[in-house]
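Each remark here refers to the structure printed beneath this line.
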Amino acid sequence: MSNQPHDPDAAATTAHETPVARPLTVAAGQLGPIARNEPRPSVVARLVELLEQAAAQGADLVAFPELALTTFFPRWFVEDEPDLDLNSFYETAMPGPETQVLFERARELGVGFSLGYAELTADGHRYNTQILVERTGEIVGRYRKVHLPGHREHEPWREFQHLERRYFEPGSTFDTWRCFGGVVGMATCNDRRWPETYRCLALGGAELILIGYNTPKHYAPDPSQDRLQGFHNHLVMQAGAYQNGSYVIGVAKGGNEEGVDSLAESCIVAPSGEILAQCQTEGDELITATIDLSLTANYKNTLFDFERYRRPEVYGAITGQAGATPPGGNDG
Ligand code: CDT
């Protein structure tokens, strides 16, 4: 045995043992537009078709988009749309009578999935929710969108509304679950633009993060960002994956939905930040990748070894305040 004093940093510079491989075939089940009057059973049939394609390609898990059972209804100020029944967009049970078939098919095929939908709870709360379903057809996780973008009041100057802050309450936790042979977390659309999302999930051990999105290509408050929508979409998810040593699946509802052009470009990102697979169309499309969850250790145990390198005592501002507080005084 060596008499040398222990060097706490030695492990950071030595090679790590190769961990046991944990392969998983994952898929993104991108959806094209869902019309305002498309019946639920028709949408569910589209999801089942993607699930069956995934099974044929040996997938264990398919990520589906945000609000994957309906059109993106927050684009309308419902009070101005007499023939629109707001409650018809929400699910009061999951599975419910019309979604049961998706769960049954998942169990038969042995393919799990994540699914975004509008949730109305028994006590009247409304959330932009995503669930995680194991290959047995059992719900193992539920996430309620934390970062709600857009506005609360009708803004008639916009080409279309983004009233998520009117129709949903924000969720309050980023949870992770042990399933699919690893640790899985979920986030929803606008959440993917915030580094806090990935970091909270990674602090919960996330090795795979499933993100559904509906992103209009036109951003009314600053249209100069329109041409960058695709770039920003990949930028945030690739950075989130790399900085947290996690796989990320980002899956869109794309195409022209009720006159609003929405970004597609669903993708599967490795912990290196590299894109492993990307959709080529704006319609219903499945992409797959066989990943190895053990490879997250390449980043989690080296550059992004949180335990060794993070400095939470310096990060108080991140949880202590929301807005920026620049220094006072003159700038001269
Ligand atoms: N669904 C969603 O969160 N979409 C937003 C659009 C922002 S514009 C109000 C997104 O971040 O992609």
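Only a predicted model underlies this, so the values are computations on that prediction, with no experimental measurement involved. Counting starts at 1 for both ligands and their atoms, in listed order.
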Partner of N128 under side chain to side chain contact (heavy atoms under 4.5 Å, CB included), picked from E119, E66, R144, is E66

For atom 6 (C) of ligand 1, the protein heavy atom that lies nearest, with its residue and separation: H162 CE1, 3.7 Å

Which of these, W76, F89, Y127, Y90, sits in a side chain to side chain contact (heavy atoms under 4.5 Å, CB included) with Y167? Y90

Which residue and heavy atom of the protein sit nearest atom 12 (O) of ligand 1, plus the separation: T215 OG1, 2.6 Å

More than 12 foreign heavy atoms under 6.0 Å from CD of Q321: is that the case here? yes

Within a distance under 4.0 Å of any heavy atom of F72, pick out the atoms of ligand 1 and give their elements. 1 (N)

Sub-4.5 Å side-chain heavy-atom contact between N256 and S262: no

Parallel, tilted or perpendicular, as decided by the 30° and 60° cut-offs, for the rings of H147 and F174: tilted

Contact between H147 and ligand 1, counting heavy atoms under 4.0 Å? no

Parallel, tilted or perpendicular, judged at 30° and 60°: which one describes the rings of H154 and F77? parallel

Value rounded to 0.5 Å, distance of CD1 in I209 from CE in M237: 11.0 Å

Does any non-hydrogen side-chain atom of C267 lie less than 4.5 Å from one of L276? no

Should you measure from each heavy atom of N190, which atoms of ligand 1 turn up under 4.0 Å away? 3 (O), 10 (C), 11 (O)

Could you list which atoms of ligand 1 come closer than 4.0 Å to a heavy atom of R193? 10 (C), 11 (O), 12 (O)

Determine whether the side chain, the backbone, both or neither of K145 has a heavy atom under 4.0 Å from any heavy atom of ligand 1. side chain

Contacting atoms of ligand 1, where contact means under 4.0 angstrom from a heavy atom of E66: 1 (N)

Which of the ligand 1 atoms, numbered from 1, are nearer than 4.0 Å to a heavy atom of E164: 1 (N), 2 (C), 3 (O)

Would Y219 count as a contact of ligand 1 if the rule is a heavy atom under 4.0 Å away? yes

Lys/Arg-Asp/Glu bridge criterion (N-O < 4.0 Å) met for R178, E207: no

Using a strict 4.0 Å cut-off to heavy atoms of C189, name the atoms of ligand 1 that fall inside it. 1 (N), 2 (C), 3 (O), 4 (N), 5 (C), 10 (C), 12 (O)

Going by the order shown, which atoms of ligand 1 are within less than 4.0 Å of some heavy atom of N214? 1 (N), 2 (C), 4 (N)

May I ask whether H151 places a heavy atom under 4.0 Å from ligand 1? no

